[in-house]
2 protein chains.
Amino acid sequence: MTTYAADPYSAACPSRQLLDRVGDKWTVLVIGTLAGGPRRYGDIARAVEGVSQKMLTQTLRHLERDGLVTRTVHAQVPVRVDYELTELGRDLIAPLGVLHRWARDHIGEIVAARAAYDAREQRG
Amino acid sequence: MTTYAADPYSAACPSRQLLDRVGDKWTVLVIGTLAGGPRRYGDIARAVEGVSQKMLTQTLRHLERDGLVTRTVHAQVPVRVDYELTELGRDLIAPLGVLHRWARDHIGEIVAARAAYDAREQRG
DNA sequence: CAGGATCCGTCTCGATACTG
DNA sequence: CAGTATCGAGACGGATCCTG
């Protein structure tokens, strides 16, 4: 059995790897879209406004590789591809929700802090 | 009073802004270092292994701007600068802890999923 | 419909050199 | 000691064109 360092200062640290994934631009949005159930590629593309084909595909591939999402190709014409959160993926929703709620509840303070900081900068 | 969209698909969304900050390479590590109390610049630099001066300074400035960290310059020779988490900053430790524990508990599944995925890729 | 391939600008990050 | 300034490589992300 392999053990993983709890030391966050290592590149191999679980937190580092998760944050690298979660931190990129579209991952969380895609997970959020899939939280409601399976979705087709095109539906996700429309739901996640502003995402390019390239980025959406790349994000989905990463999620699939990490076992957070399953990709199902239906043999139809035209092709239909469904994406769905795995149990692991659904399990991640809760921790992300914690972060989301924190952000929602404290963003006001952060914005205020930024304004104050920038005002101080302005005066030198 | 300003309200902020709960819609994560907006760039102005609190979650987006928080994730942009949390997602970058050094932020979480620096917060982790400061979780134990105030630290001097040099101490942080040594604790967060691999960080460059530039990145550390930039990270600390961002945290300061967001009101998560205070910067205190002591008039001494040589200069001494202490960084300390604000209440808001300390408040963020808990949500990050949730994510950290999730990562620790599930990284094994993710690594296994990656291995399986890559093996499948290999065979074409 | 669901991508794959390619080009290209932007931004991030690290290394290095210098400073009050 | 605690930064600032500058440069260059590479990653990231968007737009466009093409395909089974």
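The sequence lines fix the lettering, A, B, ..., with proteins before strands; numbering per chain opens at 1. Predicted, not measured: the structure shown is a model, and the values here were computed from it.
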Practice task
Grab the CZ-C1' distance between B:R46 and D:dA2 for me, whole Å please.
Solution key: 11 Å
Exercise for the section: Respond yes when some side-chain nitrogen or oxygen of A:Y41 is under 4.0 Å from OP1 or OP2 of C:dG4, and no when none is. Expected result: no
Problem - Integer-rounded Å distance: C:dG20 C1' and B:Q76 CD - result: 16 Å
Problem - Among C:dG14, D:dA15, C:dG3, the one nearest B:W26 by side-chain distance - result: C:dG14
Problem - For atom CG of A:L63 and atom P of C:dG3, their distance in whole Å - result: 13 Å
Handout entry: Minimum-distance nucleotide to B:V79 side chain [options: C:dC13, C:dG4, C:dG20]
Key = C:dG20
Problem - Any A:R80 side-chain nitrogen or oxygen under 4.0 Å from OP1 or OP2 of C:dA2 - result: no
Problem - A:L99 to B:L99 - nearest heavy-atom pair and separation - result: CD2-CD2, 4.1 Å
Completion exercise
A:D20 atom CG is separated from D:dA11 atom P, nearest whole Å, by 14 Å
Fill in the blank from the handout: Ranking D:dT4, C:dG14, C:dT6 by distance to the side chain of A:K54, first place goes to C:dT6
Practice task
Decide whether B:L88 and A:V98 are clustered together by the hydrophobic rule: side chain heavy atoms of Ile, Leu, Val, Met, Phe, Trp, Tyr closer than 4.5 Å, transitively.
Solution key: no
Handout entry: Nearest-nucleotide pick for B:Q58, side chain only, options being D:dG3, C:dC13, C:dG4
Key = C:dC13
Handout entry: Rounded interatomic separation in angstrom, taking CE from A:M55 and C1' from C:dG9
Key = 14 Å
Handout entry: Per A:V81 side chain, nearest of listed nucleotides C:dA2, C:dG14, D:dG14
Key = C:dA2
Practice task
Using heavy atoms to find the nearest nucleotide of DNA chain D for B:Y83 and A:D24 separately, return the residue whose nucleotide is more 5′.
Solution key: B:Y83
Practice task
Determine, using the 4.5 Å side-chain heavy-atom cutoff (strictly less than), whether A:I31 and A:V81 are members of one ILVMFWY cluster.
Solution key: yes
Fill in the blank from the handout: When rounded to whole Å, the CD to C1' distance for the pair A:E121 and D:dT4 reads 14 Å
Exercise for the section: Taking the side chain as every heavy atom from C-beta outward, state whether A:Y117 and B:R61 have any atom pair closer than 4.5 Å. Expected result: yes
Fill in the blank from the handout: A:L56 atom CG is separated from D:dA15 atom P, nearest whole Å, by 14 Å
Practice task
Identify whether any heavy atom of B:K25 sits under 4.0 Å from a base atom; if not, whether one sits that close to sugar-phosphate; answer base, sugar-phosphate or nothing.
Solution key: sugar-phosphate
Problem - For the student: nearest non-hydrogen atoms of B:L34 and B:Y83, plus distance - result: CD2-O, 3.5 Å
Exercise for the section: Report the nucleotide, chosen from D:dT4, C:dA2, C:dG3, that has the shortest atom-to-atom distance to any side-chain atom of A:R40. Expected result: C:dA2
Practice task
Find the distance A:Q53:CD to D:dG13:P and express it as a whole number of Å.
Solution key: 17 Å
Problem - Short side-chain to backbone donor-acceptor contact, B:W102 and A:D91, under 3.5 Å - result: yes
Exercise for the section: Would you name the heavy atoms of B:M55 and B:V51 that are closest together and state the gap between them? Expected result: CB-CG2, 3.9 Å
Practice task
Just compare C:dG3, D:dT4, D:dC1 and give me whichever is closest to any side-chain atom of B:P78.
Solution key: D:dC1
Problem - Axis-to-axis angle between the two ends of the helix from C:dC1-D:dG20 to C:dG20-D:dC1 (five base pairs per end, rounded to 10 degrees) - result: 50°
Problem - Test applied, side chain to side chain donor-acceptor pair (under 3.5 Å); reference residue, A:D82; option that passes from A:R71, A:R39, A:H74 - result: A:H74
Handout entry: Phosphate OP1/OP2 of C:dA2: any A:R71 side-chain N/O under 4.0 Å
Key = no
Fill in the blank from the handout: Checking D:dT4, C:dG4, C:dC1 against the side chain of A:R61 (C-beta onward), the nearest is C:dG4
Practice task
Please tell me which of the listed nucleotides, C:dG3, D:dG14, D:dT4, lies nearest to the side chain of A:T57?
Solution key: C:dG3
